[in-house]
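Notes follow once the structure below has been shown.
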Amino acid sequence: MNIQETLTQKVNEAVEKLHSASIDHVEFQATRKEFAGDITVVIFPMLRQVKTNPVVLGEAIGNYLKENVTEVADFNVVKGFLNIVLSDNYFLKSFNNIKDDTNYGSIKTDENSPKIMVEYSSPNTNKPLHLGHIRNNLLGYSVAEILKAAGNTVYKTQIINDRGIHICKSMVAWRDLSPRDKNGERETPQSRNIKGDKFVGEYYVKFDKEFKYQLNEIIGDVVNKINSALNKSIENQEFNIYKAIKNSEISEEYFDAIGKSVKEFYGFDNLISEKEIESLPYSNLDYIFIEQGEKIEKIKSSRDKFVEIFGDLYLNKSAKEKFSEKDIRKVKALLDKNFTNVVPILLEAQKMLQLWEAGDEDVVALWKKMNQWVYDGFKETYRELGVDFDKNYYESDTYLLGKEVVNDGLEKGVFYRKEDGSVWIDLTDEGLDEKIVLRADGTAVYMTQDIGTAIQRVKDFDINGMVYTVGNEQDYHFKVLFLILKKLGFEWANHLYHLSYGMVDLPSGKMKSREGTVVDADDLIKEMTKTAQEISEELGKLDGYTEEEKEKLYKTIGLGALKYYILKVDPKKRILFNPEESVDFQGNTGPFIQYTYARIQSILRKATFNYQEDIQSYNLHEKERELIKQLQLFPEQVQQAAAQHSPALIANYTYDLVKEFNSFYQNVSILGVDNQEEKIFRVQLAKTVANTIKSAFELLGIDVPEQM
RNA sequence: GGUCGCAUAGCUCAGCUGGAUAGAGCACCUGCCUUCUAAGCAGGCGGUCCCAGGUUCGAAUCCUGGUGCGAUCACCA
């Protein structure tokens, strides 16, 4: 029985004896520093059962406890708070248990432990990992470790998004655009000596560039033709754009694309201020088709505006100076949308996707080759970051899953079929929308895949729950997914958790790979390591370390700073990451905690005497008492962190522990004291603190150094 | 517009199921290395806990309404 349980029982006894009333719950809290005592009973809630003065009641209970509980040494009452002073003996006994528990804080798992799968990372294979993935990886890994420590059997997994149009883009770009060597061989990550994920990522960017180039070419050509057609029609006094364009040399598909763009432009954004236009009847371009003389000039100017923005945009002229940003954005979006599907290189990528789905040998071989490059690159980043997986799932294996379940769901009446053959679920009763689960042509959507994959995982690992580490932009998706699985009647669907986390933003806003504002994972790790090195060298405390050991240490510290910086924040809050200011190494940081650990190791190296023996009776220093209290909290913190899926709780706990220790360290001598018992106890205490730091940091995936 | 999340010191963040005078770090200021590692310690400065109501003996915390920021509302993943 722990002290809180003992006190609960005895407080109940006291109230019963003194007032013959019973209370349902005794509320405890840690005693605030400014008052004497270790644990505090809050008297106020008891006044509901016992009508009396809180101070009087507190005194009475205090007296009873002091007489009947050996651990209670003394007490005082302030307002409605009964502050209890516990005996040194109690703390010593408690400490001796902690000290000898090599697994302190964790619950051992056995075959009856709950089995949970934690998914995290889940990258696309078309680009390298970035800062966003780092938060995801650190959170997922840490939560997995915390769940383990809390007594669950945990399987870590990732689903690799290895299929789809994105990877086909890189493939097309490499196949068609990469330079060849003397022997006619295409360049490879090996020939370039760069990481495979970076290599493939370059080709993804190359695709995008080529795509834009081709789009510009097409649009430029169209613009020229339109302009000349228009000029001709104006010369002829025919203000009929429709006819003019129709008669130009623009091919049918481009003509359609332009027609759609212009229509949509005028259709849902009345940026032309001339109100008259609005009232005109239109279909396609016909609304500009008008012969009323007085309006011709206005119509002409509106038309010109569209064509000009259109032209300037794609002929790289100065649209920005002449038109509002809103107009430009609108025109651009429309053109991108309507012209995208006529750009040759994109058509090529789409063709490749079809070939891939049909199992075309060459395409599949190319796909395998390029994905392997990416996997090798990821593997390296994961290793550097110190995260791992028990099982990899690949989207190429799972993207067809879930379709059969849809049939079951149809039979059960969970889903329904629309006239066009598509299958939906109606979640309006739950305050959500209708959601599609199968397209009219019978192909799966994202949701279908996730349903199928979840079921597959339960089959594979006999798990009773899952944690999905995915950004909060997908909150809605997971809400729906979990609800569908529940409606399908899976018992385990009640133990699904979306570990939703906030985005990592830069001072410039969101990270965008296209705009090159992405913080690359490998680069960031390298930079942190470099900073750690600079600080270490400046402090110069690494005598006796080999170069190799130093390198390893810099990495430990650099990663420690980065990981702690990210994990100490509540997962659901967004993080603003400023690369300029970098990550701190002082104060509430990873290195501060690592430093404290290293300090203790230094003491232990110097403590060459035998300090194994338990100390049975001892007069505790105030700082020692505080430290033991802090140590006692650890197991509870682990449970809480698991329940809340929050590494931040572990980070904050560790910081408090370390702060307490440093205060002790700087105010109390450890090896310098004469009294042998005192010396032994203090070394034991330091060692136990170090072990707890190490255990806690293991839950965060952070290493601790022996010296720094 | 509907839904979800966030809002605490100049900045970055804690604050557990409601409890005492709201806490850390950074920054700024003062002290402390002839004693176990100064990436440290001791102290100072700094608050309309977004606003307004409500519940309660008691609200940063719970409820309602509002404001601001973000996300989401695709037969994309």
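So you know, we letter chains A, B, ... as the sequences are listed, proteins then strands, and number each from 1.
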* Could you run down nucleotides 3-15 of chain B 5' to 3' and tag each one B, S or - for protein heavy-atom contact under 4.0 Å? -> -SSSS-----SSS
* Asked: Just by protein heavy atoms under 4.0 Å, how would nucleotides 56-63 of chain B read 5' to 3' in B, S and -?
  -> -B------
* Asked: Based on Watson-Crick and G-U pairs with both distances under 3.5 Å, what dot-bracket line describes RNA chain B 5' to 3', crossing pairs as [ ] and inter-strand pairs as |?
  -> (((((((..((((.....[...)))).(((((.......))))).....(((((..]....))))))))))))....
* State whether A/R599 places a side-chain N or O below 4.0 Å from either non-bridging phosphate oxygen (OP1 or OP2) of B/A39. =>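 It does not, given that no N or O in the side chain of A/R599 lies less than 4.0 Å from OP1 or OP2 of B/A39.
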* Asked: For the base of B/C75, is there a side-chain donor-acceptor partner from A/D420 under 3.5 Å away?
  ->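 Answer is yes: a donor-acceptor pair is held.
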* Asked: Is there any side-chain hydrogen bond (donor to acceptor under 3.5 Å, both in side chains) pair reaching into residues 594-605 of chain A, and which pairs are they, with sequence neighbours excluded?
  ->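 Every side-chain hydrogen bond (donor to acceptor under 3.5 Å, both in side chains) pair that includes a residue of residues 594-605 of chain A, provided the two are not neighbours, is A/Y595-A/R599, A/T596-A/N662, A/Y597-A/Q601, A/R599-A/N662.
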* **Pairs flagged by side-chain hydrogen bond (donor to acceptor under 3.5 Å, both in side chains) wherever residues 33-42 of chain A is involved - sequence neighbours left out** =>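 Of all non-adjacent pairs touching residues 33-42 of chain A, those that pass side-chain hydrogen bond (donor to acceptor under 3.5 Å, both in side chains) are A/T31-A/T40, A/R32-A/E34, A/D38-A/R625, A/D38-A/K629, A/T40-A/N83.
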* Pairwise 5' ranking along RNA chain B for A/I603 and A/L438, keeping only the more 5' one ->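 It is A/I603 whose nearest nucleotide is closer to the 5' end.
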* To do: Determine the interplanar angle of the A/Y565 and A/F577 rings, folded into 0 to 90°, and report it as parallel if under 30°, tilted if 30 to 60°, perpendicular if over 60°.
  =>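 A/Y565 and A/F577: perpendicular rings.
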* For the side chain of A/S142 and the backbone of A/P647, is there at least one donor-acceptor N/O pair under 3.5 Å apart? ->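 Absent.
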* To do: Let me know which of A/K572, A/K573, A/K568 forms a salt bridge (Lys or Arg N to Asp or Glu O under 4.0 Å) with A/D570.
  =>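 Between A/D570 and the candidates, salt bridge (Lys or Arg N to Asp or Glu O under 4.0 Å) is satisfied uniquely by A/K572.
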* To do: Please name all residues satisfying ring-ring contact (aromatic ring centres under 6.0 Å, His included) with A/Y446, sequence neighbours left out, ordered by chain then number.
  =>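 A/H477.
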* To do: Among A/V518, A/D505, A/I575, A/I566, find the one that has a side chain to side chain contact (heavy atoms under 4.5 Å, CB included) with A/L131.
  =>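 With A/L131 as partner, A/V518, A/D505, A/I575, A/I566 yield a single side chain to side chain contact (heavy atoms under 4.5 Å, CB included), made by A/I566.
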